[in-house]
Amino acid sequence: MEKNYEPEQVESAVYQRWTEAGAFAADAAGGANTYCIVIPPPNVTAPLHLGHALNNTLQDILIRYKRMTGADTLWMPGCDHAGIATQTVVEKRILAQEGKRRTDFARDDFIARIQAWKDQYEVQIIAQLKAMGCSCDWDRTRFTMDDVCAKAVREAFFKLFADGLIYRGKRLVNWDPATQTVLADDEVEHETVQGHFWYMKYPLAESVEIEGKTIEHITIATTRPETMLGDTAVAMNPTDPRAKYLIGKKVRLPLVGRIIPIIADEHVVLPDPESDDEKARFSTGFLKVTPAHDPDDWQIGQRHDLPIINVMAPDGTISDKFGWDDAAGSDAEQLLEMDRFEAREAIVEWFRTENLLEDVREYTHEVGHSYRSHVPIEPYLSDQWYIAVKKSSTGVSPVQPDTGETPVLQGTDIPVDSLAGLALKPLLDGRVKFTPERYAKTYQSWLENLRDWPISRQLWWGHRIPIWSRQMSRAEWGAWIEKDHHASVLIGSARNDISVRVVCEDGRSYGVAGCNDDYETALELRDATDPDEKMTWYVCLRDENAEEPMAKPAMIRQWLEDNGFIRDPDVLDTWFSSALWPISTMGWPEETDLLKAFYPTDLLCTAREIITLWVSRMVMFGQYFRGDIPFSQVYIHAMIQDGSGRKMSKSLGNGIDPLDIIASHGADAMRFTLASMTTETQDVRMPVEEMTLPDGRVANTSPKFDIGRNFCNKLWNASRFAMMNLEAMPAWSEIHPRENLSDRWIISRLNATVRDATAALDAFRFNDLADVLYRFMWGDFCDWYLEIAKIRINAGESAPKAVLAHCLDVLLRLLHPIVPFITERIWSQLNEVVPNRGPGDSPAEEMLIRAQWHHADAAMIDAAAEADFEFYREAVRGVRNLRAEHNVPPKQKIEISFSPESNPGEIIMDNRALFESQAFVEVISAGSEASRSDAGTFTIGGTPFYVLGVIDTEAERVRLTKQAETIQNGITAIEKKLANEKFLANAPAEVVSRERERLNALKRDFETVTNSLESLIK
RNA sequence: GGGCGCGUAGCUCAGUUGGCUAGAGCGCUUCCCUUACAAGGAAGAAGUCACAGGUUCGAGUCCUGUCGCGCCCA
């Protein structure tokens, strides 16, 4: 073995051995004891960053641990197509490199370009995961857009549509004019911007007299003047004193000339310059109402049945082609085709020149921005597909137990049998648990305030919505629906809401026979008053690629397209397919062996930023489609920031590629360090530094990873030393470890470490795990046991060899989940040297990855041995300390004296040779008379030790004086405590008696120290 | 505006239901290249636990408020 651990010479070979042995493969048959984690699929937008490294390291630690405890483990890997994110990066790249836009390509050609990008990064991502040591079941690797996942998406969409939970809605959406797509509420980032309030005068159609004054104008205040083109009312609070004069009057909208009413609405904030409420300070009492361009105004518009006038094109330019019909001929005509911000300036300028601009005030406020393009989002009127999340559904899977409870979850408006209810209930029941617990609140409050989920996206990259539509009359529709061979599709009309639905009785078959009540409703609607009324009919196709003989979906599709039905151009929100990930990867809607064996999975491990976007939706869909929660535990880990607390990102140049860390420090070092930094806090900081890698490249990495590298190197060398000394190792049955203090001690520490490491793993306390293992490996095994073993082996003892081998064996097992490569490598070496080792002298498993987790033996945890060894260790340290303080050369042997009758004294005498060797002393006198004027003194538990021949009396006086002071402080504090009757009365008995013992020991120490001081003075 | 978290040694962080003289790693100081490891060993210095109140026999820990920082949601 090399003198230093060189990870690059070990990692790939070890990984290859694992894969060749099939060590990561789950047994689909499962068994009683299974453990499953589904990977949070990384986006194929870019290579993995350090956050992914952390996320996947933690999962791998748990998977490896569970595998060693004998569970049939499945770690399901894969990637996410990440709709808008991926399309955006590819668009940007093509624009930069070729100067072409998406619209310069045919749809399929452009998708092929994105597909190529995906292929490249998927390969790269999987290579990164492998380099980190992730033991995923690679043969099951999925992609959210592969055939298996696509089938699940189609089935899920179909079922939701059939159950009436998907509807077409005209709503104000968060529109991103740059990417021209709708964003979910979660995808809007609120940024604080310095803006203005513009005070603009709107002339009254007829002047109004208020308490003797004639009013010609009213003044509205707005942060977005450009939307005034779409104003359809001015609102004021009914309690405003001016309201009685003005409500019902008309205003002539400047620029446009539109006559709009003044209406009363309580939403309007009354002006109050003294108010704490900023809005009141800025308010004039008059609110322009633009239902098509503001969510609040939309609400007001609904309340007052106001017209809705959309004045913008999808790209954010002013346009009269999308619902605005009085622009032509007005002064507003000049604004057409201007960008919204250009128009803002032009309008303000117009008001200024017309003397209608009363004031402009600075105003700081929050503005929603697209998380993709970072441009301000535009509230925009649009037709979108929605999922109704608070609507009761009969489609709730029958697997869900019927407990006969109230239809609404207590304290909420959420029906138990709605999607939101299905997601919330398991949390309230305790079936889904969060670690740390506080994140349950994030999940809960999000669900409680949930709005319907807009699922259509104006993108090309994603699962295309399986709906075809066309306009036709009721009569045409009726004739069509009666044809048996087309009843395998769902048909709905979406005027206002979906008002007609036909659902086959058996949701899984395509037969037409025996349709349910909705079918009757459909026929009734056909026969309703006006058979010639035209409306849009939506047809949802279940799986156009299915080969079922009854279905002939391809034929139906052909028929639809031949008959003028057009496929919806949009794709689904990327989170739709992510929400299905735990079931789609296992083959749902088929009831596969995998689902039977591994669903629900055991753990979801992710960062807090996607608790709402992803975690909650997986619970929703898992419950809805499979009738059970997707996982019982959600572990939320910290997010990694750079050294100054900033988010790591490419644009800031402070990101770290895990592969660069692996090159600079090794994969195990990275894993160990990341685990040791993983506490329950929200964020961890990682100082970033440029470094020259072994291959000569300069890359970002972090000195933090030295912790892990040093740890690995220490383990490597300790193992190397141990194995160099295992020749002629006696069998365990031949040795008597109970008879030697250091043996008893290290075996006790070993078992305590197993106990603590196991507890840390079970509680997801990764930093505790790393700490416990670090302390044992370095502080106990290397610093003390190995040093002692050297001396004992040199003295001819062989027993320490067997203990060394056993400790190393267990240590490797304990360390394997966290540093798998190095431990596997050492394990194979150890197997060559001593294949049979430890209690039982049994042969070790061939590969560590498949070895059994060591179970702590409580009987081996020996408090007396640990206490005795602590005395021994303190004595050695005491001598070394004196030696250092008095500048005694390490090679100068010194003499020591103490009372052998005391407990520590006996321990030292029992291990005299070892002690003399470790402290490099000679015990010359075991008498209590040994205090001399040239002696240095230290005490352990009240027993004085005298180090003789220390000549620097002044240094010793300073040292002892300081020590006496410290001891006296301790004595005073405890005496004060013990003098307090309330303490004696209230504190637990063991606390009081512990204080008494401490006081006695301190008093003995104080006596020793002061006596020594006196003899020094002589 | 609502919610969550953080503030402990020069730096990065532990500190579990309140109870030893508040810990670790890095950095720093002194000594040592002792045949496992200088990516190492031995010893050491270093903290008004953000601030102010409160509860308690006892507070880094619990409560209230203030200041500073970060994140999520509206």
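Here is the naming used below: chain letters follow the sequence lines, and residue numbers restart at 1 for every chain.
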Atom pairs and distances, side-chain donor-acceptor, residues 765-775 of chain A, under 3.5 Å, sequence neighbours left out:
{"residue": "A:Arg765", "atom": "NE", "partner": "A:Asp768", "partner atom": "OD2", "Å": "2.7"}

Original post:
Roughly, in whole Å, what's the span from CD1 in A:Ile611 to C1' in B:G5?
Top reply: 12 Å

Original post:
Looking only at side-chain N and O atoms, does A:Lys962 come under 4.0 Å of OP1 or OP2 in B:A45?
Top reply: yes

Subject >> Lys/Arg cation over aromatic A:Trp453: A:Arg617, 6.0 Å, 45° cone >> reply: yes

Subject >> Duplex segments of RNA chain B, taken as runs of at least three Watson-Crick or G-U pairs that stay under 3.5 Å >> reply: B:1-7 with B:67-73, B:10-13 with B:23-26, B:28-32 with B:40-44, B:50-54 with B:62-66

**OP:** Applying ring pair (Phe, Tyr, Trp, His ring centres under 6.0 Å) between A:Tyr635 and each of A:Tyr439, A:Phe434, A:Phe764, report the one that passes.
**Re:** A:Phe764

Original post:
Is it true that atom CD of A:Glu266 has more than 12 heavy atoms of other residues, nucleotides or ligands lying nearer than 6.0 Å?
Top reply: no

Original post:
Which listed nucleotide (B:A39, B:C71, B:C57) is nearest to the side chain of A:Arg608?
Top reply: B:C71

Subject >> Which residues share a side chain to side chain contact (heavy atoms under 4.5 Å, CB included) with A:Val833, sequence neighbours left out >> reply: A:Met723, A:Leu726

**OP:** Output all residues satisfying side chain to side chain contact (heavy atoms under 4.5 Å, CB included) with A:Glu885, sequence neighbours left out; order by chain, then residue number.
**Re:** A:Asn881, A:Arg959

Original post:
Quick one: A:Asn717 CG to B:C37 P, roughly how many Å, whole number?
Top reply: 6 Å

**OP:** Would you list the pairs meeting side-chain hydrogen bond (donor to acceptor under 3.5 Å, both in side chains) in which at least one residue belongs to residues 986-995 of chain A, sequence neighbours left out?
**Re:** A:Glu995-A:Arg998

Original post:
Phosphate oxygens OP1/OP2 of B:C4: is one of them under 4.0 Å from a side-chain N or O of A:Lys441?
Top reply: yes

Original post:
Taking RNA chain B as the partner, which of residues 875-883 of chain A come within under 4.0 angstrom of it by heavy atom?
Top reply: A:Arg877, A:Arg880, A:Asn881

**OP:** Give the rounded distance in Å between these two atoms: CG of A:Leu715 and P of B:G40.
**Re:** 14 Å

**OP:** Grab the CE-P distance between A:Met670 and B:A39 for me, whole Å please.
**Re:** 23 Å

**OP:** Please determine, for the side chain of A:Ala718, which listed nucleotide (B:G40, B:A36, B:C4) has the closest atom?
**Re:** B:A36

Original post:
Considering residues at least two apart in sequence or located in another chain, which fulfil the side chain to side chain contact (heavy atoms under 4.5 Å, CB included) criterion with A:Glu1007?
Top reply: A:Asn1011

Subject >> side chain to side chain contact (heavy atoms under 4.5 Å, CB included) against A:Lys893, all qualifying residues, sequence neighbours excluded >> reply: A:Phe920, A:Glu922

Original post:
Counting only distance, no hydrogens or angles, is the base of B:A36 paired donor-acceptor with the side chain of A:Lys3 under 3.5 Å?
Top reply: no

Original post:
Could you state the CG-P distance from A:Asp783 to B:A24, rounded to the nearest angstrom?
Top reply: 13 Å

**OP:** Please state the C1' separation for the pair B:U30 and B:A46 - nearest whole angstrom.
**Re:** 15 Å

Subject >> Base B:C37 to side chain A:Lys714, donor-acceptor N/O within 3.5 Å cut-off >> reply: yes

Original post:
Reckon A:Trp446 has a side-chain N or O less than 4.0 Å from the OP1 or OP2 of B:G2?
Top reply: no

**OP:** Can you tell me, in whole Å, how much space there is between the C1' of B:G47 and that of B:C28?
**Re:** 15 Å

Original post:
Once you round it to whole Å, what is the distance between C1' of B:U35 and CG of A:Asn794?
Top reply: 11 Å

**OP:** Please measure how far the C1' atom in B:G19 lies from the corresponding atom in B:G7, and state the result in whole Å.
**Re:** 25 Å

**OP:** Determine the interatomic distance between P on B:C20 and the same-named atom on B:G15; round to the nearest Å.
**Re:** 16 Å

Original post:
Would you say A:Glu437 has more than 12 foreign heavy atoms packed within less than 6.0 Å of its CD?
Top reply: no

Original post:
Looking only at atom P, what distance separates B:G44 and B:C71, rounded to whole Å?
Top reply: 42 Å

Subject >> Rounded distance [0.5 Å steps], CG in A:Leu811 versus CG in A:Leu804 >> reply: 11.5 Å

Using a cut-off of under 3.5 Å, enumerate the N/O to N/O pairs linking the protein to nucleotides 27-32 of chain B.
none

Subject >> Integer-rounded Å distance: B:G5 P and A:Arg438 CZ >> reply: 6 Å

Original post:
Which residues pass the salt bridge (charged side-chain N to carboxylate O under 4.0 Å, His left out) test with A:Glu975, sequence neighbours left out?
Top reply: A:Lys1003

Subject >> Contacts of type salt bridge (charged side-chain N to carboxylate O under 4.0 Å, His left out), residue A:Lys790, not counting sequence neighbours >> reply: A:Glu787

Set out, line by line, the N/O atom pairs under 3.5 Å between protein and nucleotides 12-21 of chain B.
{"residue": "B:U12", "atom": "O2'", "partner": "A:Lys704", "partner atom": "NZ", "Å": "3.1"}
{"residue": "B:C13", "atom": "OP1", "partner": "A:Arg685", "partner atom": "N", "Å": "2.9"}
{"residue": "B:A14", "atom": "OP1", "partner": "A:Thr679", "partner atom": "OG1", "Å": "2.4"}
{"residue": "B:A14", "atom": "OP1", "partner": "A:Thr681", "partner atom": "OG1", "Å": "3.3"}
{"residue": "B:G15", "atom": "OP1", "partner": "A:Arg765", "partner atom": "NH2", "Å": "2.9"}
{"residue": "B:G19", "atom": "O2'", "partner": "A:Arg994", "partner atom": "NH2", "Å": "2.9"}
{"residue": "B:C20", "atom": "O3'", "partner": "A:Arg998", "partner atom": "NH1", "Å": "2.9"}
{"residue": "B:C20", "atom": "O3'", "partner": "A:Arg998", "partner atom": "NH2", "Å": "3.1"}
{"residue": "B:U21", "atom": "OP1", "partner": "A:Arg998", "partner atom": "NH1", "Å": "2.7"}
{"residue": "B:U21", "atom": "OP1", "partner": "A:Arg998", "partner atom": "NH2", "Å": "2.1"}

Original post:
What is the distance from CZ of A:Arg709 to P of B:C37, rounded to the nearest Å?
Top reply: 17 Å

Subject >> Nearest-angstrom distance, P atom, B:A50 to B:A9 >> reply: 9 Å

**OP:** Using a 4.5 Å cut-off on heavy atoms from C-beta on, say whether the side chain of A:Tyr785 contacts that of A:Val803.
**Re:** yes

